[in-house]
Structures are given as C-alpha cells and as structure tokens.
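Just so it is clear, the values below take in all heavy atoms, side chains as well, and ignore hydrogens, waters and symmetry mates.
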Amino acid sequence: MTMEQDTLERAARAPREAALRRKIEALGPWFHNLHLPGGVQTLPDSFIGGDFPRFKWLDIVPHLPLDMAGWRVLDVGCNAGFYSFELAKRGASVLAIDVEALYLAQARWAARQFGLERQVEFRQMGVYDVATLQESFDLVWFMGVFYHLRYPLLALDILAQKTRRLLMFQTLEMPGEDVAADTSDRPLDERDAFLAPGWPKMAFIEHRFAGDESNWWVANHAGVEAMLRSAGLRVRARPAGEMYLCEPDPASKSRHWIAHGLAGHAAGALKTLVEK
C-alpha cells in the first residue's frame, strides 16, 4: 500500500470511527475495554490498569478448548460482554446475564459490532435467578461477582448445580497462599485454630472497600478452595492469582441444602427478601 492509499483509507475510516466514539461515549461509563472491529476501543485507559479484562483472558485461554462448538455457556455478571464474545468466537452458544441495564445495553450494541447477535443472548437477571433456569451449562463463567454478593455461597451452590463440565471462578482474596493441613472437627472450646493463617475464612466488609459499597467479602485462598469443595467442585487449574478453573467432583459429598433439591425454594425466598 502506498502512502497515498494509506492516507485515503484513513480518511475514509475517520467518519465511522468518530461515530463509534460518539456512541461509546453515549453508552458510558464502561468497565470492559472492547477492541471493536477496525481498532476502536471502548476503554483504552482502564482505572484497573492495563488492557482490562483482556490481560485476564490471556491467562485463561491456555486452559480452554480452542474449538467450543456445541458448548453452552453461562456468563454471570457479563458486564459489557467481553468474555461472552471471546467464548462465542470459539464457537460457544452463550447466555449472558447481568442485573445492570446499562451494561446489557453496552453488550447488545457491541454484539452487533462483532456480528455475534445469534451466538450470544442477553438477559437482565441476577445470579440467584439461575436456580429457576431449566437447563445446565457446559461452562459457567463466574468472575468478578462473588465478592459483590450479600449471599455468596447460595450463588456458588446454585451455579455448581448448573455446571456440566467447567466453572471459571474469580474473587477478591486476602494476601497469602497458606492452607491449613487439618481443618477437621474441633471441640467447642478449641477455637484458636480459626485464627491460623491457613484456616478457611472470609472478611466481611460492613461499609466499603476500595470506595465501593457493593464489595461485601474478601476470602483467603484456603477459604476459596474450601468453599469450592463444599459446593461440589474441585480445582482443575489456577490460571493466575485469584482465578480457579473448576470441574464437578463426582466424589463430593456436598452437605449444602441445594444438594437436596431446594435451589428453587432458596432463590424464591431470597428474591422475596430482596424485593422488600
């Protein structure tokens, strides 16, 4: 391509790029940086730093099949749809859910830019509503949501019951990788063990964390692994810090109430409580 041809091509692209940027601004604020066809980005300067969430995706992709044709995926808290689109590009059929109308508006618009409207369906619904869905999923995507939930274990139990092959999990964690060797039963008066660095635990956030009042919990690593096991999952890989690729554990003896067929009742009771 000659310099003159390049100049003409840039001039031809300019009006479309300007229109895209106006639309991006109108749909803002954005949390996901999407690389739209043609090179325009929705949030090139993320406050998180780097190209978010692409840098997280690059850690995960080596652990996923290149060809996901025939896979049914649930993306919980899809936001602007970054992960939904990447999974759809691999051939998956995706149900993407979020409670925020703004994020869904961004995602639906972006899906049209990528030509993925038929592969990704968006619904405005919460994680607890998943208990009412009459289907299960090959892959459940559960990143960046757990610590925002007032009732996180209920959500994890519901999603574990809907997982056929894999569940991708991420949450905020306390520093440290310690795991206590023995977390078995203790007498009532032996509680010092709970203070050990490797004992499974979560810190409760009464007010705000990082200026965000929707942050409720920060678990330690041992706590995350223990909660995943208690939901009937086992960790298959750890793509990066705070990320766990899990699969159903057929040997699990889950003792949570959803394992006894009460998922719908739990979700219904919670919905009534939230609506009040």
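- Each of Arg229, Arg236, Arg234 was compared with Asp249 under the salt bridge (Lys or Arg N to Asp or Glu O under 4.0 Å) criterion, and only Arg234 meets it.
- Here Phe31 and Phe52 bring their ring centres to under 6.0 angstrom of each other.
- Separating the CG atom in Leu233 from the CZ atom in Phe169 is a distance of 9.5 Å, to the nearest 0.5 Å.
- For the atom pair Asn33 CG and Asp51 CG, the distance stands at 5.0 Å (nearest 0.5 Å).
- With hydrogens and angles left out, the side-chain atoms of His148 and Asn215 include a donor and acceptor closer than 3.5 Å.
- With sequence neighbours left out, Gln170 forms a side chain to side chain donor-acceptor pair (under 3.5 Å) with Glu242.
- Pairing each heavy atom of Pro200 with each of Thr183, the nearest pair is CD-CG2, 3.7 Å.
- Across every non-hydrogen atom of Arg72 and Ser93, the tightest pair is NH1-OG, 2.9 Å.
- In this structure, Lys201 is not positioned above the aromatic face of Phe194 in the sense of NZ or CZ being under 6.0 Å from the six-membered ring centre and within 45° of the axis.
- No side-chain heavy atom of Glu173 sits under 4.5 Å from any side-chain heavy atom of Asn220.
- Using a 4.0 Å cut-off between charged nitrogen and carboxylate oxygen, Glu17 and Arg21 count as a salt-bridge pair.
- Residues Met202 and Pro152 have side chains in contact (heavy-atom distance under 4.5 Å, counting atoms from C-beta outward).
- The neighbour count for Asp189 CG, taken as heavy atoms of other residues, nucleotides or ligands under 6.0 Å away, is above 12.
- A heavy-atom distance below 4.5 Å is found between the side chains of Met243 and Met143.
- Using a 4.5 Å heavy-atom threshold, the side chains of Ile97 and Val130 count as touching.
- A ring-centre distance under 6.0 Å is not found for Trp217 and Tyr147.
- Between Leu133 and Arg123 there is a side-chain heavy-atom pair separated by less than 4.5 Å.
- A heavy-atom distance below 4.5 Å is found between the side chains of Leu228 and Leu156.
- For the atom pair Leu34 CG and Arg54 CZ, the distance stands at 8.5 Å (nearest 0.5 Å).
- Under a hydrophobic-cluster definition in which Ile, Leu, Val, Met, Phe, Trp and Tyr are linked whenever side-chain heavy atoms come within less than 4.5 Å, directly or via other members, Val179 and Val218 are assigned to different clusters.
- Dense packing is recorded around CZ of Phe114, with more than 12 heavy atoms of other residues, nucleotides or ligands lying under 6.0 Å away.
- Side chains of Val120 and Arg108 form no contact here, defined as non-hydrogen atoms less than 4.5 Å apart.
- With respect to Met168, the side chain to side chain contact (heavy atoms under 4.5 Å, CB included) criterion is satisfied by exactly one of Trp141, Tyr244, Phe142: Trp141.
- Side chain of Thr42 to main chain of His32: a donor-acceptor pair is present (N/O by atom type, distance under 3.5 Å, no hydrogens or angles).
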Check your understanding: How far apart are the C-alpha atoms of Glu247 and Arg164, what are their side-chain angles, what is the distance that settles it, and do they pass the salt bridge (charged side-chain N to carboxylate O under 4.0 Å, His left out) test?
Key -> CA-CA 8 Å; Glu247 60 188 359; Arg164 290 199 296 261; over 6 Å; no

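- Glu213 has a carboxylate O that lies under 4.0 Å from a charged side-chain N of Arg208, or vice versa, which qualifies the two as a salt bridge.
- Two residues are said to be in side-chain contact when any heavy atoms from C-beta on lie closer than 4.5 Å; Tyr103 and Asp98 meet this criterion.
- Taking CG of Leu153 as the start and CE of Met227 as the end, the distance is 6.0 Å to the nearest 0.5 Å.
- By the rule that hydrophobic residues join a cluster once side-chain heavy atoms approach within less than 4.5 Å of another member, Val140 and Leu64 end up as members of separate clusters.
- One finds no salt bridge joining Lys23 and Glu25 here, because no Lys/Arg side-chain nitrogen approaches an Asp/Glu carboxylate oxygen to under 4.0 Å.
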